[in-house]
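The structure appears right after this line, and notes come after that.
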There are 4 protein chains.
Amino acid sequence: MLEDLRAQVLEANLELVRRGLVLYTFGNASGISRAEGLVAIKPSGVPYEGMRPEHLVITDLDGRIVEGALRPSSDLATHLVLYRAFPGIGGVVHTHSRFATAWAQARRPIPCLGTTHADYFRGPVPVTRAMSQREIETAYEANTGEVIARHFAAGDPMQVPAVLVAGHGPFCWGPTAAEAAHNAVILEYVAEMAYYSVTLAEAPSELDPVHLDKHFLRKHGTAAYYGQK
Amino acid sequence: MLEDLRAQVLEANLELVRRGLVLYTFGNASGISRAEGLVAIKPSGVPYEGMRPEHLVITDLDGRIVEGALRPSSDLATHLVLYRAFPGIGGVVHTHSRFATAWAQARRPIPCLGTTHADYFRGPVPVTRAMSQREIETAYEANTGEVIARHFAAGDPMQVPAVLVAGHGPFCWGPTAAEAAHNAVILEYVAEMAYYSVTLAEAPSELDPVHLDKHFLRKHGTAAYYGQK
Amino acid sequence: MLEDLRAQVLEANLELVRRGLVLYTFGNASGISRAEGLVAIKPSGVPYEGMRPEHLVITDLDGRIVEGALRPSSDLATHLVLYRAFPGIGGVVHTHSRFATAWAQARRPIPCLGTTHADYFRGPVPVTRAMSQREIETAYEANTGEVIARHFAAGDPMQVPAVLVAGHGPFCWGPTAAEAAHNAVILEYVAEMAYYSVTLAEAPSELDPVHLDKHFLRKHGTAAYYGQK
Amino acid sequence: MLEDLRAQVLEANLELVRRGLVLYTFGNASGISRAEGLVAIKPSGVPYEGMRPEHLVITDLDGRIVEGALRPSSDLATHLVLYRAFPGIGGVVHTHSRFATAWAQARRPIPCLGTTHADYFRGPVPVTRAMSQREIETAYEANTGEVIARHFAAGDPMQVPAVLVAGHGPFCWGPTAAEAAHNAVILEYVAEMAYYSVTLAEAPSELDPVHLDKHFLRKHGTAAYYGQK
C-alpha cells in the first residue's frame, strides 16, 4: 500500500517538472492513505532529478515522521490541515507556477471566462484573504492551511479543487495525488489564457452559469459523457 | 480508402501535439470521405501517446458508429454539423490553443492586422454569438455547430476557414484534415501576434483590403504564385 | 564560390528554424556574390527539413534564374531591390517572427530602450510607410523593397540593419547571409524585451545617445573591444 | 584551487545557457578566490558550446591577466568593482535575460509581490540611476560597477543579491559563482511573474514586511528550516 502511495506521489511530483510548473526544488506534492492515516510527501529542498520513492517522507496526520531519512517539505503543515479539513481529498499539490502565482500576487481570483476553465473548476478560482501578522509569525504553514480551509468552509472543495493564497501561489487538490497534479497543470493553463483574455478586454463577461454547469457536468456529473466511461 | 483517411486523421491529431496546441487529451481532429459519407474522428479522452489508426472512430453523418471500439470525441456532433453545412470541407479541427482561446474568451474577433493573417484568412476571424440556455441544455454540441454554420450562412467558409466560439475556443477546417490542422496552427500563431499588436497599440489599423487580397490571392487565387505550383 | 554561397545561405535559413523564428515554410534568407552578381535564395514553399544546398535557387540581379529546378522565394524581388540599393550588404533575411511582426502590425518603430538594442542597432528600428494601392497591385514584392530603400535613402543601412514593413514584418540584412540571420534573431529578442518594457511603462525613456553610441561602437566601431579581436 | 574555481565558473556560465537566460555569446559569470585575490571569468564573445575550463581567463583584482590566451569578458571591470566593494561575495553574473532586462529598460524596480521573491530577495530589486555622459565615455564598465556599489553603500548586498542597471540589465551575485547564477535564474522567474501581476493589476499591493521576512528568514536566517539543513 505505502509502496503504491510512494510511487504515485513521486510520479505526481515528476509530472510538475515535466509540465514546467516548477523550477529547481520549487513545489511539492503529497498523497494520503486514509485507511492508515499516513501521508507521503516530497522531501524539502531536494532536486527532482534522481528522486526515488524511498526519498519521500511518511508522516501521520499530526506531522510526526513515521518513515524517511530526510526532512519533509516545509509546507507539510499546510497539506495536513487540508487533509483534515477536506475528507474527500487524497492528494495535495503546491507550486509557484508562473501564471497562477501572478494572479495570486495580483490578489485577483481567476474568473471563469471559458469552457476550458469550466471543465475543471465550477466557478472562479478564489484568492484567500491576506494572512495576519500573528498568523505569519507563529505556525505559519499550518495557518496557511487554515486560511484556505476557512475559505471553503461554506462550499465544496471538490467543485473548485484549487485556491490562490494571496501574495503566495496556488494549492490544488483532488481524489489522488495524480489528480491534484493534473489540476495544477490545468490551473496554470487556465490562468495563462485568462491573463491574455483579461489584458485584451479588461472586463470580459464571465461564462454564463448554464454554460459553466454544462461543461463541468459533462465531465464530472453523474451523467458525464466525456472520455471512455 | 478508410485506411488512408484514418492515417491522415491520426496524423492531423498528432500535428496538434507537435505544435503545442493541445494539453493532455484536449483537442480533436476529424476527416471525411465524401464518397462514402463516413467520418473518422479522435476517440474521447484517450492520450495522444500511443494512439494508433485503429483507435479512431468511424461514424456516418448522423453520428452512428460504423467502426471502432472506443467512444468518439464528445465534440463529434459539432464536426458533423460542419460537414453537412460546408460541403467543400474535408477536415475539422477543434483545440483550446492558448491565444486563439484567449480571444474567444475575450469575445473579440481577431482583426486582420498583417499579411501573415491575410495569407490564410481573408478578413477577421469572427466570434460567434453566445449560445442560449436552451441551446446549451439540449444537444449542446450539435448546437455549437449550428451557431457556427449560421454565422457563415451568408459567406464562404473557405475564405476564412476558422471561427472562435464565444467563451469556448477555435474550430478550424480545410479541404483535408491535414489542412484543417495546418490552419489551426497558423490561427494560433496569428492570434498570438495580434495579441501583442493590440496590447501595444489599442486600436491598430487593420490591413487595407487591397493588401489583404493581394496576400490571400498570391497564395490561394487562381493566379497564385507562392510555393512550387 | 557558389558552393560556398549555397552552403552559407542554407545555413542562414536553418538558423532561423533553430531559433524559432519561422513556422512551416515561413521566412527566407538569401546571399549574394558581388563578384559574380549572383544571388542564392531559398526556394518557395519548400519545407526546411531535408533542404539541401542544391535546392537553393541562383538568380542574377534582375531575377533571372541561372541555376535551380525550383521556383525561388516569392519575396525574391524584395531581396534584389535591397541588394541593388545597399551595395554594402551581402545577405538579406525576411521572417514573420512573433514580436518583430507584432511591432510591424502595430506600426510602431521599436524604440532603443536598452544596451542590448544599442549593441546591434544604432537607434530605433523604423517602420516603413504603408504601401499604396498601386504599389500593392503591381510589382508588389519589388515595391516592398523600394519602400524600404527609400526609407534609408538619407541614412546608412549598416547602422540599423533592419526595418519593419508596416502591416507585414521585418527584413534584416548584413555583410553576409549569416550575419543577416544573426541580426534577425537579435531583432526578435530586442522586440520581445521592448514589448515587455513598453507595456510596463507606457512611455519609457529611450537610451540616451551617448550610451547608445558607447554600446554600438564598443562592438562595431574602429576601436571595438568586444569579442576576440 | 584554481582548477576548482575554473570548473565552478564554467558550470555557472553553462547554467545560464541551460535556463535560457542567454542568447549567442550574451552574459557572463565569474568567481573569485579570495585567498589568492584571483578572479576567473568567461572570455569575451566566445560561443558557450565547446567552452572548456582552460578558456576561462584568470585576472587579479586590478584586471591584469594572470592566465589565459583569450580576452576576458568586456564586462570584467564591472565584476572587479563589485568584488572590491562587496567583500562577502564569491561570484558575479550578468545577463540580458528577457524579463529582468525589460524591467531595467522600463527603469522600474521589481516590487516584492509575493513569497517567491521574498524567498530570495529581502525587498524590491532596485534600479540604478542613469549613468552620466562622463561615466559612459570614460571607464564605462568600471563606472557601471561604481554606480551599483554606491547604490548599496548604505545596505547589505547579501539581503538583495541583484540589481537592475537602468537601460541595461541585471547583475546578480552570491557567495559562489553557482549561487550567483542561481540568483540570476530566480530573478528572471520573479521578474516574469511580477510583469504579469503588474499588468493584471497596475498597482498590486506589495507583500507586507512581516510576510516578506518570514519567507526570507525561513530560507536564509539563523533558524532557517527550508531544505535538508
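Below, read A as the first sequence line, B as the second, and so on, with proteins coming before strands; counting in each chain starts at 1.
For the set D:Gly169, D:Pro72, D:Gly167, D:Gly45, the count of heavy-atom pairs under 4.5 angstrom toward chain C peaks at D:Gly167. By number of non-hydrogen pairs under 4.5 angstrom with chain D, the leading residue of C:Asp208, C:Asp213, C:Val198, C:Val185 is C:Val185. Heavy-atom pairs under 4.5 Å with chain C were tallied for D:Val165, D:Thr101, D:Thr199; the largest tally goes to D:Thr101.
With a 4.5 Å cut-off on non-hydrogen atoms, D:Ser73 does not touch chain C at all. With a threshold of 4.5 angstrom between heavy atoms, C:Tyr189 approaches chain D through side-chain atoms but not through N, CA, C or O. Both the backbone and the side chain of D:Leu70 come within contact range of chain C, each with at least one heavy atom under 4.5 Å from a heavy atom of that chain. Residue D:Pro43 touches chain C through both its backbone and its side chain, counting heavy-atom pairs closer than 4.5 Å. Proximity to chain C (any heavy atom under 4.5 Å) is restricted, for D:Glu141, to the side chain, taken from C-beta onward.
Taking NE2 of C:His215 as the start and NE2 of D:His168 as the end, the distance is 4.5 Å to the nearest 0.5 Å.
Between D:Ala102 and C:Ser197 the shortest heavy-atom distance is O-OG, 2.8 Å. D:Phe99 and C:Tyr196 get closest at one heavy-atom pair: CZ-CZ, 3.3 Å. Nearest approach of C:Met193 to D:His96, heavy atoms of both residues: SD-O, 3.7 Å.
Counting heavy atoms from C-beta on, the side chains of D:Met131 and C:Lys214 never come closer than 4.5 Å.
For residues 105-124 of chain C, the interface with chain D (any heavy-atom pair closer than 4.5 Å) comprises C:Leu113, C:Gly114, C:Thr115, C:Thr116, C:Asp119, C:Tyr120, sorted by residue number.
In the model, D:Ser44 has no side-chain atom that pairs as donor or acceptor with a side-chain atom of C:Tyr225 under 3.5 Å.
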